[in-house]
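One is the number of the first residue; the rest follow in order along the sequence.
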Amino acid sequence: MISPVNLRRFLVAIYLLAFLAGVSAFGAFFWQTRQEYRQLLEAEARAKVRLAEVQERVREQEMILDRLRTDPAFVEYVIRRRLGYAKPDEMIFRFREY
């Protein structure tokens with residue numbers, strides 16, 4: 001038969017092991033959650049940078065669109081430059097770029 005002192009020590013050891021296992025499991029869960037949180041913060045920062053870049057591009061394109069709507073000289077410049085149009089009696093020379 002087990003003495004009451006040994007039984008008490010055995011039960012304390014069991015409770016201590018159970019407590020340590022619980023703390024270890026919680027620690028592992030907390031560590032993993034913290035890592036995921038850091039990754040999400042980094043992804044958010046990257047998304048904010050990309051959003052700022054895209055917003056800047058949209059602003060630039062809106063300015064170009066506004067100029068196309070209101071500035072005939074700019075429209076002519078774009079048509080001549082991008083589409084290669086010329087006025088009558090005008091010659092266009094195109095050179096290959098190396």
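- The CZ atom of R34 sits 14.5 Å away from the CZ atom of F29 when rounded to the nearest 0.5 Å.
- Between K48 and E44 there is a salt bridge, with a side-chain nitrogen of the basic residue lying less than 4.0 Å from a carboxylate oxygen of the acidic one.
- One finds the OH atom of Y85 at 12.5 Å from the CZ atom of R80 (value rounded to the nearest 0.5 Å).
- Remark: L51 CG to E56 CD distance equals 12.0 Å, nearest 0.5 Å.
- One N or O on the side chain of E90 and one on the backbone of K87 form a donor-acceptor pair closer than 3.5 Å.
- Clustering ILVMFWY residues whenever any of their side-chain heavy atoms sit less than 4.5 angstrom apart, transitively, puts L83 in the very cluster that holds I64.
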Query - Verdict with supporting geometry, Y77 and D71, side chain to side chain contact (heavy atoms under 4.5 Å, CB included) - result: CA-CA 10 Å; Y77 168 77; D71 187 0; over 6 Å; no
Query raised in the report: Stepwise, does the side chain to side chain contact (heavy atoms under 4.5 Å, CB included) test hold for Y37 with T33?
Result: CA-CA 6 Å; Y37 179 69; T33 303; 5.6 Å; no
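- Distance CD1/I14 to CZ/F19: 15.5 Å, rounded to 0.5 Å.
- A salt bridge does not link E62 with R59: none of the charged nitrogens is closer than 4.0 Å to a carboxylate oxygen.
- Across all non-hydrogen atoms, the minimal contact from V78 to L68 is CG2-CD2, 4.1 Å.
- Ion pairing between a basic and an acidic side chain is recognised when a charged N comes within 4.0 Å of a carboxylate O; E53 and R57 show no such pairing.
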